[in-house]
Structure formats: structure tokens, C-alpha cells
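Here the structure is a predicted model, which means the values were calculated and not measured.
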Number of protein chains: 2
Amino acid sequence: MRLSKRGEYGLRAMIILADVQKNSPTGMIQIKEISAREEIPAKFLEQILLALKNAGLVHSKMGVGGGYYLARPSKEITLGQIFRTLDGPLAPVKCVSQMAYEPCGCPDEETCGLRMVMGDVRNAIANILDTTTLATVIKRVEAARA
Amino acid sequence: MRLSKRGEYGLRAMIILADVQKNSPTGMIQIKEISAREEIPAKFLEQILLALKNAGLVHSKMGVGGGYYLARPSKEITLGQIFRTLDGPLAPVKCVSQMAYEPCGCPDEETCGLRMVMGDVRNAIANILDTTTLATVIKRVEAARA
DNA sequence: CATAAAGTCTACTAGTATTATAGACTTTAT
DNA sequence: ATAAAGTCTATAATACTAGTAGACTTTATG
């Protein structure tokens, strides 16, 4: 059940963007700055941020003084949205996916034991990632620091 | 968050073995029989069952009339044990793994937002897979059939 | 207007993991 | 003796992952 580096870097970057939105006047930060802070290869991060941009989760400004910033308030962006953009469906098997359902090949889905359990797992993950926003994360981090 | 074919096939095979333990006098079944029922490539399944055997979850009998059977009553085998044997740790990132901890590289683990959330995800998955036994699954399947 | 800072876009590559397949071997019942 | 069954190790084909490269566009500013 591993999170890919792509997903990990993307989530870390988004958490930074949320922090910047809250604590910097412009709310903007450059790729290389995020890359330096989190030790993420800059060129790799570039692709990830681009994907997040195409998904409408961040906006960017080109040219001198440009950078990336969240497309919406951090409380309106869930980790589920970020995860799905970068790593695809949450569900362990396609036949329990809400966003990308496909049959699994079991003769009867309704009585497939594996499917039942994986459905529970999917829901448990979705319950966390779809209700946790970037604002939630920032709040927890600040609480842990205090 | 995808389940590998290896993990999927292994879990399906174990559910069959639990059913066989409950409903057949010998409690034993052959690879090719499981392979046929679930449309799993026989040679692939062979390796998977071997891994489960080396992990002590199933026993086998060689020769004519041989086959595989559960090493313990189905209520003493959790899906978590099976999953970990075939697919490794449940945790999305190593730094929240109970069974295979490794640092992630964040400067301070205690205040890492990603780590907090992934810890929750790990616990949610573990809560399901470590409390669900093969017996649980069989019961649910029978309830769904009725 | 030249320049440098910044993002955009696409292609590529090395390494690793996944999903098998093959085949020679061992054990056991009949 | 034979055939049914599991054991074990090697290999192959493919896909995926993580990362690199480089040419391009946009924009602020001296």
C-alpha cells in the first residue's frame, strides 16, 4: 500500500503552499524554493506541480517574481483530490473504486469476500483523505509545534 | 493505493482455503483447483502459495491426494498477516510503519503534516486488516448469499 | 529593448518491480 | 513403476517509477 514519491512530493509541496498561503502576503512560492526546503529534485517537482495545475488545484504566474499558489483557500482542497491527481484512485482494487470503477472478474461481485473487505479499506482511506483538507493539516502541524 | 495481483490472488486463494477448511472433510485443495476456480495462472499461484507456506500460514501435502490447507483455524488468520506476507508493510510511507519503520527524511517527524495523515491512514487500514480474519470473511460471504 | 527569472512542455532513460512462464526436482499413493 | 502433486530457482516480458534534459514561453525590470 505504498505512496509513490510522486504522490509524496506532491502532498508535501501542497502543504507548503498552504503554509505560504497563510503566512506570506503574496501566497506565492517558487519551485526551486520548495525543492530546496523538502529536498525534492526540482525537475521532478516541476512535473508534479504542472499536473496539479492542470487539475486546477494550483495556479501559477510566469516570469520574474512568479511562482505557484493555491487555486483556492486551503480549507477547500482535500488530500484526496491531490492524491487522486497524482496517484490515481484510492481503491485497492478497481471494483470498489467510486471514481474509476471497473469489474474485477469475480463471478458475483455481491458475494465476493475480497471485494467486501477492500470496499471497507477504500472507504476508510477515503474517509480520511476526503475529509482532511490542507487547512486541517496546517492546523495539526501548528498544534504539534506548540 | 493499489493491491498487487500477487496480493489479490493470495487473498482469494486463502479465502478459498478457509471455505474448504469449513466445508470439506479433508480441508485440502490443489493448486490447479484454486487456479481454475479463480482464473489465476497456476504457476504464479504456486509461488504465492509457497510464500504463504514459508510464512507458516498454510501447510501442504506432497504427492498423490496432496494439496494445500490452512495451518490454523480460519479465525486465527488475519488478512493483515496474508497481506504483509505477499505485499509488505501496510503503511503508505515507511516512517509510519509499525512492522518496518524507517525514517522518511523529514527534519522533524513529530511535526510533519504528511506523516500525521499517513499515520492515520496506516492505522485505518491496519484496524480493518488486522481484525478481519478469514473466518470473518467467510461469515460475511455466507450472509450475503442468504 | 535586452536580459534574466520563472514557469511550460515533451521526450527520454535507467533502474526496478510486477506478472508471469519454464523446467528440472522431490515426495507420495496406488 | 507411474502419475499426481508440491518445491525450487531461473528467466523473460512488460510496465512503472523516478528522475534528467533541453528547448520554449512569459513577464518584470534596468
Salt-bridge criterion met for [X] and [Y] (N-O under 4.0 Å):
X	Y	answer
B:E142	B:R145	no
A:D120	A:R115	no
B:D87	B:K5	no

Taking [atom1] from [X] and [atom2] from [N], how many angstroms apart are they, rounded to a whole number?
X	N	atom1	atom2	answer
A:E33	C:dG7	CD	P	11 Å
B:L17	D:dG6	CG	P	11 Å
B:M62	D:dA3	CE	P	18 Å
B:I40	C:dT19	CD1	P	13 Å
B:I48	D:dT7	CD1	P	14 Å
A:Q30	D:dT26	CD	C1'	15 Å
B:K32	D:dA3	NZ	P	14 Å
A:I29	C:dA6	CD1	P	12 Å

Report summary line: Base-pair string, DNA chain C, Watson-Crick plus G-U, cut-off 3.5 Å on both distances, | for inter-strand, is ||||||||||||||||||||||||||||||
Query - Separation of SG atoms, A:C95 and A:C106, below 2.5 Å - result: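 No, A:C95 does not link to A:C106 through a disulfide.
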Please determine whether a side-chain nitrogen or oxygen atom of [X] lies at a distance below 4.0 Å from atom OP1 or OP2 of [N].
X	N	answer
A:Y68	C:dT8	yes
B:K61	D:dA4	no
B:K53	D:dT7	yes

Query raised in the report: Would you say A:Q21's side chain and A:R72's backbone share a donor-acceptor pair under 3.5 angstrom?
Result: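 It does hold such a pair.
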Query raised in the report: Partners of B:R6 by side-chain hydrogen bond (donor to acceptor under 3.5 Å, both in side chains), sequence neighbours excluded?
Result: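 If we apply the side-chain hydrogen bond (donor to acceptor under 3.5 Å, both in side chains) test to B:R6, skipping adjacent residues, there are no hits.
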Short heteroatom pairs, N/O only, protein and nucleotides 14-21 of chain D, under 3.5 Å:
unit_1, atom_1, unit_2, atom_2, d
D:dA18, OP1, A:R2, NH2, 3.4
D:dA18, OP1, A:K5, N, 3.1
D:dA18, OP2, A:K5, N, 3.2
D:dG19, OP2, A:Y9, OH, 3.3
D:dT20, O4, A:Q47, NE2, 2.2

**Report entry** Path from B:Y68 to B:M28 over hydrophobic side-chain contacts below 4.5 Å
**Finding:**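 Different clusters: B:Y68 never reaches B:M28 through Ile, Leu, Val, Met, Phe, Trp or Tyr contacts under 4.5 Å.
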Report task. Go through the steps to decide whether B:K53 and B:H59 satisfy the test side chain to side chain contact (heavy atoms under 4.5 Å, CB included), and finish with yes or no. Result -> CA-CA 6 Å; B:K53 183 188 172 163; B:H59 289 156; 5.8 Å; no
Query raised in the report: If you draw a 6.0 Å radius around CD in A:E39, do more than 12 non-hydrogen atoms from other residues or ligands fall strictly inside?
Result: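 For A:E39, atom CD is not crowded (no more than 12 foreign heavy atoms under 6.0 Å).
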Query raised in the report: Looking across every strand, which nucleic acid part, if any, lies under 4.0 Å from B:I31 by heavy atom: base, sugar-phosphate, or nothing?
Result: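 Touches sugar-phosphate only.
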